[in-house]
Asks: 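This is the structure, below, for whatever I ask next.
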Amino acid sequence: MVEDFESAQDGASGAWVAAFRDKVRTLGGALYRDLPWRCIDDPYGVLVSEVMLQQTQVKRVLGRWEAFMALFPTIDALAAADVSAVLSQWQGLGYNRRALALKRTAETCADRFAGRLPESYDELVRLPGIGPATAAGVRAFAFDQPGVYLETNVRTVFLYELFSDRDGVADKELVPLVQAACPQTDVRGWYYALLDYGAHLKATVGNHARRSATYARQSAFEGSRRQKRAEVVRIVLSEPGIELESLAAALDREEAGAGRSAVDRDVFESIVADLVREGFFRQVGDGFVA
DNA sequence: TTCCTGCGTG
DNA sequence: CACGCGGGAA
């Protein structure tokens, strides 16, 4: 069953493609996960799922996608929503920036594209929060269009199957292979199979994406600046209009409750300045609102 | 500790 | 290219 695809080096010849596709379709198909955002006829819903799933596990998104879609069912609804409502709904998913970017993308599409998502890669990747992977994902899952959808599960499969003997494999090497492997029809099914096979590999033989040159360990979260950032966002959401000194005091209470010391004043002020600059908050009188 | 269907910026 | 960005489950 398990063929040897050591012909990865002659990827240009494409001799490995047929066997690779067969294997991924067979194994990935058997592992199919019937997730709520799959096989839906709603490009916006696909986009929401793709953004939620950036650096975020499927299990965490389950339930959250449905709730978000119920509250903001269309691009126009999200565009018209308050930032604070969107950020509140996002709490627990992590990377709050994604929520802001998603809302800005909705605003752009509402204004310029009559409430629809563009289908071209170039237009998609120009929208906030949509990079190469998300653009290719939307094209594959929403429009069934071929492309290079290169994210961690896909890396896992390609590195496991085609680069089992190497370390530090650059995306530049993978891109032509992912391109060559992608079929012209049923692109959606192809990438579902890749994702499901990749997720299965991680759970069984370990994370081969670690051998990607792109792979980098993340810095610790506990006690970090970005943990404080997230706390500041939550405080302002729960107490709209809060003034700077009250915000500082509330943050210090949170930190004390977690067994940490008070936040340095300069650090606190730079966090607030960052959040204002990035568009999380605006100042209204003496207070901050999302 | 680990890392998750990455993106934006310097 | 390197780094910051959330938070939870295993």
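Lettering of chains follows the sequences in order, A, B, ..., and the numbering in each one begins at 1. Since the structure is predicted, the reported quantities are computational estimates derived from the model, not experimental observations. All heavy atoms count here, side chains included; hydrogens, waters and symmetry mates do not.
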Asks: Compute whether any side-chain donor of one residue and acceptor of the other, for A:Gln227 and A:Arg260, lie under 3.5 angstrom apart.
Replies: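 Yes.
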
Asks: Looking at every strand, decide which applies to A:Val154 at a 4.0 Å heavy-atom threshold: base, sugar-phosphate, or nothing.
Replies: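 The residue A:Val154 makes no contact with any strand.
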
Asks: Between A:Arg277 (CZ) and B:dT9 (C1'), how many Å, whole number?
Replies: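 Taking CZ of A:Arg277 and C1' of B:dT9, I get 9 Å after rounding.
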
Asks: So if I take every side-chain heavy atom of A:Arg226 and compare against B:dC4, C:dC5, B:dC7, which nucleotide ends up nearest?
Replies: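 Of B:dC4, C:dC5, B:dC7, C:dC5 is nearest to the side chain of A:Arg226.
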
Asks: Under the 3.5 Å rule, do the base of C:dG6 and the side chain of A:Thr56 count as making a donor-acceptor pair?
Replies: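 Result: at least one qualifying N/O pair found.
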
Asks: On a plain distance test, is the side chain of A:Arg229 in donor-acceptor contact with the base of C:dG6 below 3.5 Å?
Replies: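 Between C:dG6 and A:Arg229, which were checked side chain against base, a qualifying N/O pair under 3.5 Å is absent.
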
Asks: Over all strands shown, is A:Gly129 touching base, sugar-phosphate only, or nothing at heavy-atom distances under 4.0 angstrom?
Replies: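 Contact class for A:Gly129: sugar-phosphate only.
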
Asks: Which nucleotide in the set B:dG6, B:dC4, C:dC5 lies at the smallest distance from any side-chain heavy atom of A:Gln57?
Replies: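 The answer is B:dC4, which lies nearest to the side chain.
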
Asks: Are any side-chain N or O atoms of A:Arg64 and backbone N or O atoms of A:Gln89, one a donor and one an acceptor, separated by less than 3.5 Å?
Replies: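 Side chain of A:Arg64 to backbone of A:Gln89: a pair is present.
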
Asks: OP1 or OP2 of C:dG8 less than 4.0 angstrom from a side-chain nitrogen or oxygen of A:Lys59, does that happen here?
Replies: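 It does not, given that no N or O in the side chain of A:Lys59 lies less than 4.0 Å from OP1 or OP2 of C:dG8.
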
Asks: Using the P atom in both, what is the distance from C:dG6 to B:dT9, to the nearest Å?
Replies: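 It works out to 15 Å between them.
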
Asks: Should the heavy atoms of other residues, nucleotides or ligands under 6.0 Å from CZ of A:Arg116 be counted, would the total exceed 12?
Replies: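 Counting other residues, nucleotides and ligands, CZ of A:Arg116 stays at 12 neighbours or fewer.
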
Asks: Between the side-chain atoms of A:Gln218 and the base atoms of C:dG6, is any donor-acceptor pair under 3.5 Å?
Replies: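 A donor-acceptor contact between them is present.
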
Asks: Nearest to the side chain of A:Arg217, heavy atoms from C-beta on, is which of C:dC5, C:dG7, B:dC3?
Replies: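 Among the listed nucleotides, the one closest to the side chain of A:Arg217 is B:dC3.
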
Asks: Report which part of the nucleic acid A:Ile271 touches: base, sugar-phosphate, or nothing (heavy-atom distance under 4.0 Å, all strands).
Replies: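 Here A:Ile271 touches no strand at all.
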
Asks: Is there a donor on the side chain of A:Gln55 or the base of B:dC4 sitting less than 3.5 Å from an acceptor on the other?
Replies: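 No such pair is found, so the answer is no.
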
Asks: Under 4.0 angstrom, heavy atoms only, what part of the nucleic acid is A:Trp37 near: base, sugar-phosphate, or nothing?
Replies: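 Base, at least one base heavy atom under 4.0 Å.
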
Asks: Ignoring hydrogens and angles, state whether a donor on the side chain of A:Ser261 or A:Glu255 is under 3.5 Å from an acceptor on the partner side chain.
Replies: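 Result is no, nothing qualifies.
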
Asks: Testing the 3.5 Å rule here: is there a donor-acceptor pair between the side chains of A:Glu243 and A:Ser246?
Replies: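 Short answer, no.
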
Asks: What does A:Tyr192 touch in the nucleic acid at a heavy-atom separation under 4.0 angstrom: a base, only the sugar-phosphate, or nothing?
Replies: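 Nothing: the residue A:Tyr192, judged by heavy atoms under 4.0 Å, touches no strand.
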
